[in-house]
*Asks:* 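Please see the structure below; I have some questions.
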Amino acid sequence: MENKQRKLIIPLADGQYEFILAKGPDVVTYLSNGIVDLGIVGSDILMEQNVSGYQLLDLNVGKCQFILASTTDFNPTSAGRKVIGTKYPRVAQEYFARLGQDVEIIKIEGSVELAPLVGLADAIIDITETGTTLRENNLQIYDWLAKISTRLVVNPLALKQKKNEIFQLVDQLAQVI
Ligand code: PRP
């Protein structure tokens, strides 16, 4: 796995497992179409895709948080419709709906911190791990929405058909977490 180069399918030497490498947002697609039995994906993506039933284990890695952030002059309680930049439009929409605020969401694919700096958005909903990107761009956190970590997810049919093997793997993983 460390020396995978550009390979996308990686069988392990013992022949017991084969890994396929996919982008996070595609993991549940491969899972729900029966291409893989198990997936490894961030809970940020599961929240954004509104997927709830597939989770087997919190792998306790890739830990970060959903935050509301902006420049230091942002006022989160000000009147008026705010513009929010984010890679997570559903998470952002639900957050502001809970607050009773009607906002305009602009979907951004990456480097979300740029949006409030150049005036594309009033604030962002994004994930932060170390806080370095926010700090280096003079952005401030105004609210913490949810904790995030990497999850093991399962195809429900695979769970029925390969129950023993899957739970054996879950037990092994749980021991090293
Ligand atoms: C994520 C996130 C922040 C950054 C936060 O971006 O969107 O930009 O990590 O990490 P930090 O708190 O440790 O600085 P990612 O690196 O996934 O790439 P992206 O900018 O292309 O979305």
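Order of appearance sets the numbers: ligands from 1, and atoms from 1 within every ligand.
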*Asks:* Among residues at least two apart in sequence or on other chains, which ones pass ring-ring contact (aromatic ring centres under 6.0 Å, His included) with Y142?
*Replies:* F74

*Asks:* Would you mind running through ligand 1 and noting each atom that sits below 4.0 Å from a heavy atom of E129?
*Replies:* 10 (O), 11 (P), 12 (O), 13 (O)

*Asks:* Tell me which protein heavy atom sits closest to atom 18 (O) of ligand 1, plus the residue, atom name and distance to 0.1 Å.
*Replies:* K87 NZ, 4.1 Å

*Asks:* How many angstroms lie between OG1 in T71 and CG in D73, if you round to the nearest 0.5 Å?
*Replies:* 4.0 Å

*Asks:* May I ask you to check whether E109 has an N/O atom sitting below 3.5 Å from an N/O atom of ligand 1?
*Replies:* no

*Asks:* So which of D126, T128, T132, L114 gets nearest to atom 2 (C) of ligand 1, if we judge by its closest heavy atom?
*Replies:* D126

*Asks:* Of all the atoms in ligand 1, which lie at a distance below 4.0 Å from a heavy atom belonging to S111?
*Replies:* 19 (P), 20 (O), 21 (O), 22 (O)

*Asks:* Taking only non-hydrogen atoms of V112, do any sit less than 4.0 angstrom from ligand 1?
*Replies:* no

*Asks:* Do N137 side-chain atoms and L139 backbone N/O form a donor-acceptor pair below 3.5 Å?
*Replies:* no

*Asks:* Is there at least one protein heavy-atom neighbour under 4.0 Å from atom 11 (P) of ligand 1?
*Replies:* yes

*Asks:* Starting from atom 3 (C) of ligand 1, find the nearest protein heavy-atom neighbour and note its residue, name and distance.
*Replies:* E113 OE2, 3.0 Å

*Asks:* Which residue and non-hydrogen atom of the protein lie closest to atom 9 (O) of ligand 1, and at what distance in Å?
*Replies:* I127 O, 4.6 Å

*Asks:* Provide the full list of ring-ring contact (aromatic ring centres under 6.0 Å, His included) pairs with a residue in residues 79-111, sequence neighbours left out, each pair given once.
*Replies:* F66-Y88

*Asks:* Find all atoms of ligand 1 within a distance of less than 4.0 Å from any non-hydrogen atom belonging to T133, and give their numbers and elements.
*Replies:* 4 (C), 5 (C), 10 (O), 11 (P), 14 (O)

*Asks:* Does P76 offer a backbone N or O that forms a donor-acceptor pair with the side chain of K82 under 3.5 Å?
*Replies:* yes

*Asks:* Can you check whether G62's main-chain N or O pairs, donor with acceptor, with E129's side chain at less than 3.5 Å?
*Replies:* no

*Asks:* Could you measure the distance from the CD1 atom of I67 to the CD1 atom of I127? Nearest 0.5 Å is fine.
*Replies:* 9.5 Å

*Asks:* Strictly inside 4.0 angstrom of atom 14 (O) of ligand 1, do you find any protein heavy atom?
*Replies:* yes

*Asks:* Do D126 and T128 have side-chain N/O donor and acceptor atoms under 3.5 Å apart?
*Replies:* no

*Asks:* Below 3.5 Å, N or O to N or O, backbone or side chain included: is there any such pair between G131 and ligand 1?
*Replies:* yes

